[in-house]
Amino acid sequence: MTEHRWRSAAGQHLPFALVLAVTGLGVLRLVQYHWRQGAVLIGVALLLAALLRVLVSDEQAGLLTIRGRSIDALLYGGLGFAVIVVAMTITGGPFSR
């Protein structure tokens with residue numbers, strides 16, 4: 001019984017852990033002065049959060065659940081798309097590579 005509870009608790013936080021891992025990779029790239037790649041990875045993490053929010057149940061979504069499913073997916077997806085577009089369209093600046 002205890003093992004079943006542990007698996008369900010770990011499974012409940014798996015979607016958030018995936019999003020957090022991709023965000024961590026993005027932050028790592030930012031720290032390494034590859035800001036465009038880092039920003040795109042953070043945008044991809046938000047798109048992944050939107051996709052997971054649509055595909056998994058409210059119980060499985062765990063910490064990704066903030067509002068209703070459709071509002072969460074719309075906001076995660078919109079912000080992810082905006083971050084990617086801004087990262088890809090900025091030219092010049094002090095961090096150009």
Quick one: pull up CG in L51 and OH in Y76 and give me the separation to the nearest 0.5 Å. 13.0 Å

Distance check, rounded to the nearest 0.5 Å: L18 atom CG versus T23 atom OG1? 10.5 Å

Over all heavy atoms of both residues, which pair between [X] and [Y] is shortest? Give the atoms and the distance, please.
| X | Y | result |
| --- | --- | --- |
| Q60 | P15 | O-CG, 3.3 Å |
| L47 | G77 | CD2-O, 3.5 Å |
| L48 | V22 | CD2-CG2, 4.1 Å |
| M88 | V40 | SD-CG2, 3.6 Å |
| A73 | V54 | CB-CG2, 3.5 Å |
| R53 | R67 | NH2-O, 3.3 Å |

Indicate if [X] and [Y] have the same hydrophobic cluster label, given that clusters are the connected sets of ILVMFWY residues with side-chain heavy-atom separations under 4.5 angstrom.
| X | Y | result |
| --- | --- | --- |
| L79 | V19 | yes |
| V27 | I84 | no |
| V44 | V85 | no |
| L14 | V56 | no |
| F81 | L74 | no |

If you count every heavy atom of other residues, nucleotides or ligands that lies below 6.0 Å from I71 atom CD1, does the total exceed 12? no

Any side-chain heavy atom of [X] within less than 4.5 Å of one from [Y]?
| X | Y | value |
| --- | --- | --- |
| L28 | Q32 | yes |
| D72 | L64 | no |
| W35 | I90 | yes |

Could you tell me whether a side-chain N or O of T65 sits under 3.5 Å from a main-chain N or O of A61, the two making a donor and an acceptor? no

